[in-house]
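Written below as structure tokens is the structure these notes are about.
Order of appearance sets the numbers: ligands from 1, and atoms from 1 within every ligand.
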Amino acid sequence: MASYLKPLLSLLFSIFFFSLASPIDAELQHPLDSLSPAEFTLVQNIVNKSYPTPHHNLTFQYVGLNEPDKPLVLAWLSHPTTKLPPRQALAIIRLNKQTHEIIIDLSKRQVISDEVYEGSGYPLLTNEEQSAAIELPFTYEPFIESIKSRGLNLSDVVCSTFTVGWYGEEKSRRVLKVQCFTKKDSVNIYVRPIEGIAIVVALDEMKIVGYGDRLRATVPKAEGTEYRASVLKPPFGPKLSRVAMVQPDGPGFKINGHMISWANWEFHLAFDVRVGPIVSLASIYDLEKQEFRRVMYRGYTSELFVPYQDPSEDWFFKTFFDCGEFGFGLSAVSLEPLTDCPSNAVFLDGYYAAQDGSPTNISNVFCIFERHAGEIMWRHTESGIPNETYREVRSDVSLVVRMVSTVGNYDYILDWEFKPSGSIKLGVGLTGILEVKAVNQTHTTQIKDDEHGTLVAENSIAVSHDHFLTYYFDLDIDGTANSFVRTGLVTKHVTEPGVPRKSYWTAVTETLKTESNARIRLGREPFDFAIVNPNKKTKPGNPIGYRLIPGSVSSPVMFPDDYPQVRGAFTNYNVWVTPYNKSEKWAGGKYVDQSHGDDTLAVWSQRNRNIENKDIVLWYTLGFHHVPCQEDYPMMPTLSGGFELRPLNFFERSPVLKVLSPPPVPLPNCTRRP
Ligand SMILES: *[C@@H]1O[C@H](CO)[C@@H](O)[C@H](O)[C@H]1NC(C)=O
Ligand SMILES: *[C@@H]1O[C@H](CO)[C@@H](O)[C@H](O)[C@H]1NC(C)=O
Ligand SMILES: *[C@@H]1O[C@H](CO)[C@@H](O)[C@H](O)[C@H]1NC(C)=O
Ligand SMILES: *[C@@H]1O[C@H](CO)[C@@H](O)[C@H](O)[C@H]1NC(C)=O
Ligand SMILES: *[C@@H]1O[C@H](CO)[C@@H](O)[C@H](O)[C@H]1NC(C)=O
Ligand SMILES: *[C@@H]1O[C@H](CO)[C@@H](O)[C@H](O)[C@H]1NC(C)=O
Ligand SMILES: *[C@@H]1O[C@H](CO)[C@@H](O)[C@H](O)[C@H]1NC(C)=O
Ligand SMILES: *[C@@H]1O[C@H](CO)[C@@H](O)[C@H](O)[C@H]1NC(C)=O
Ligand SMILES: [Cu+2]
């Protein structure tokens, strides 16, 4: 159990008695809790009061916790019965065509600061403004004409929003592009685009400011695009047998407010409209030291960059930043019990501010479950001792926190998996629908030019693209002062006479002292990377640490001076390390929509700060180059990737030596097969 969960309970108790007048405080448990529905309402009222009528066009683009400074949180953690640090919210609003950054003190119920942002880029889009934008074409005469002239019915048309990026303009107004699809005879709209129509919508005025009908291409046919079981026809298959996850004693984890404790782990889980799940204060219990030891202060998916690789007029701008433009949390969907998550899952809701500031519920936004997938935690059979045989096996169980974000056509399954061995595995699953360009060709032999993708069906080019997920990890390995080390394998010549070997390799570890040393492209040399606490050593003298075990290595292939890559320059390296700075949270910058790339991780890293024995942040990019194939169509089977943070001399010995396998569950009618 968490060492400070008990004090937390008494804290709750005291808050309950001291602040009956303030229902908000009564719900508070932890300084890093996401804003509660009551707090969103409070932000809405305070901001609204600051801008009384007639400013009816005030819109909330982002509202979230303005987390207390780290020293305050750490001080509170060591005395959790004391008062919480002041609760603050950050609200980014649009008002009179300007972006305001407002900090609100929720306890004092007042605005602390209100600054107009003058730099490049715009805040997150709201769902409401996107919904309004896609309605506009339906009353716009030229569009109605374009649809008619293609022999299509307006009632079969649905439209979608696309961010426009930045291509060197000095200044640009806040716009979106809208492109449309047909829903006639199939709900799989994304594979049936009405190609060649470009609509530009100015968001502040909410009107169409640009229109072009440039080319015609056959709309791909509906046949073979459906994915709903209810309309698909037999034969169905392959057939899957019944299977269940049984936990007769209930879940093995506890959720106390936003704190989750399970096996030897405890951590805080929050929901943010921009990045989705935020895991904070992950600590692991050390059986030998009899205490919880901190591994991570805060971790989340900082940005997701998806540049498409078709430079033609209707496609070149499609270089999306899903966290900073569309909101990974805003795009999160309610998880479905039994299919999105196994039967033993527990669900949590998430809240965000709608465009008018009112709290909005995404029910079941997270699921938490124990995974018992038949894996082996560790094992050994000892038959080397004459006439004696020993076998020890431990089956593995882990704890998974899952969120699914559906950003338009694509679905991302984000998993945080905690293992008793101390590993944290970050998983991502890519599924959903490919973005397709309609073409006249029906066979690859008709394709003369570079068509920038794969002909996955008649008239359907699935356009090539990348997915780069950049994670933020403020690791605090047993304290905040950490270093970043690289272990290289060096080949040595054997020169001693009489030794038959010519070579061997040896591991050489080096501390990387500055930000420029810590910009890493993986896969070029046999290097291992870790964050260590140089001030704490194990009994044999090794610095304690955590290793990064990367996933499949992908780096950008576009020119670094290409505009999308300037904005996505945080993917130029797979790994970066920066000194902790509370305001450096989002790898693509605070204002990503139409950004100029002047506030990215790549720019911050230019300061080349010292990172040795400091509070540091590890940034890691997991990339996928996606040249689509026919199996990805009409619905892509999940493509999984991931990576691992794994203890490195963090414990004196295996932390799961004394773990016992979970007791077996007797299943009725389940016969054991030989
Ligand atoms: C904001 O305040 C105005 C009065 O100034 C009121 O008419 C309006 O309903 C309020 N809106 C919200 C969302 O609170
Ligand atoms: C508010 O938005 C409407 C369109 O939604 C626009 O016509 C009007 O000019 C805007 N008013 C202000 C004060 O910006
Ligand atoms: C358009 O809709 C009308 C009325 O529903 C229908 O008769 C007609 O066949 C449709 N045309 C096309 C091209 O779908
Ligand atoms: C596709 O075919 C149509 C009808 O034959 C033609 O009007 C159009 O120009 C063609 N589009 C392209 C891009 O070649
Ligand atoms: C959010 O939705 C869930 C499920 O519908 C419900 O149980 C919960 O009370 C809702 N929360 C709020 C604050 O409305
Ligand atoms: C192993 O067992 C066999 C047969 O029981 C016996 O002959 C032999 O001496 C034993 N070996 C050892 C090393 O105990
Ligand atoms: C923190 O980061 C911001 C944004 O990069 C920068 O303006 C500020 O100077 C940094 N603070 C320190 C102490 O480095
Ligand atoms: C188990 O078997 C019994 C008798 O064969 C049967 O009545 C019962 O329905 C079975 N239970 C399950 C869960 O399959
Ligand atoms: Cu893809």
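- Looking at heavy atoms from C-beta onward, Tyr227 lies in side-chain contact with Val187 at the 4.5 angstrom threshold.
- Only the side chain of Asn440 comes within 4.0 Å of ligand 4, judged by heavy-atom distances.
- Close contacts of ligand 5 with Asn361, meaning ligand atoms under 4.0 Å from a residue heavy atom, involve 1 (C), 2 (O), 3 (C), 8 (C), 10 (C), 11 (N), 12 (C), 14 (O).
- A side-chain donor-acceptor contact under 3.5 Å links Gln61 and Glu129.
- Donor-acceptor pairing under 3.5 Å is lacking for the side chains of His626 and Tyr308.
- When each atom of ligand 4 is checked for a heavy atom of Arg216 under 4.0 Å away, the hits are 1 (C), 8 (C), 10 (C), 11 (N), 12 (C), 13 (C).
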Check ligand 6 for close polar pairs with the protein: N or O on both sides, less than 3.5 Å.
{"residue": "ligand 6", "atom": "2 (O)", "partner": "Asn387", "partner atom": "OD1", "Å": "3.4"}
{"residue": "ligand 6", "atom": "2 (O)", "partner": "Asn387", "partner atom": "ND2", "Å": "2.2"}
{"residue": "ligand 6", "atom": "11 (N)", "partner": "Asn387", "partner atom": "ND2", "Å": "2.9"}
{"residue": "ligand 6", "atom": "14 (O)", "partner": "Asn387", "partner atom": "ND2", "Å": "3.4"}

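- For the pair Tyr351 and ligand 5, the shortest N or O to N or O distance falls below 3.5 Å.
- When each atom of ligand 5 is checked for a heavy atom of Ser363 under 4.0 Å away, the hits are 2 (O), 3 (C), 4 (C).
- One N or O on the side chain of Glu128 and one on the backbone of Gln355 form a donor-acceptor pair closer than 3.5 Å.
- Taking the centre of each ring, His100 and Tyr51 come in below the 6.0 Å mark.
- The ring of Tyr211 has its center closer than 6.0 angstrom to the ring center of Tyr140.
- A ring-centre distance under 6.0 Å is not found for His258 and His30.
- Evaluated for a side chain to side chain donor-acceptor pair (under 3.5 Å) with Asp314, the options Arg214, Lys437, Lys177 yield exactly one hit, Arg214.
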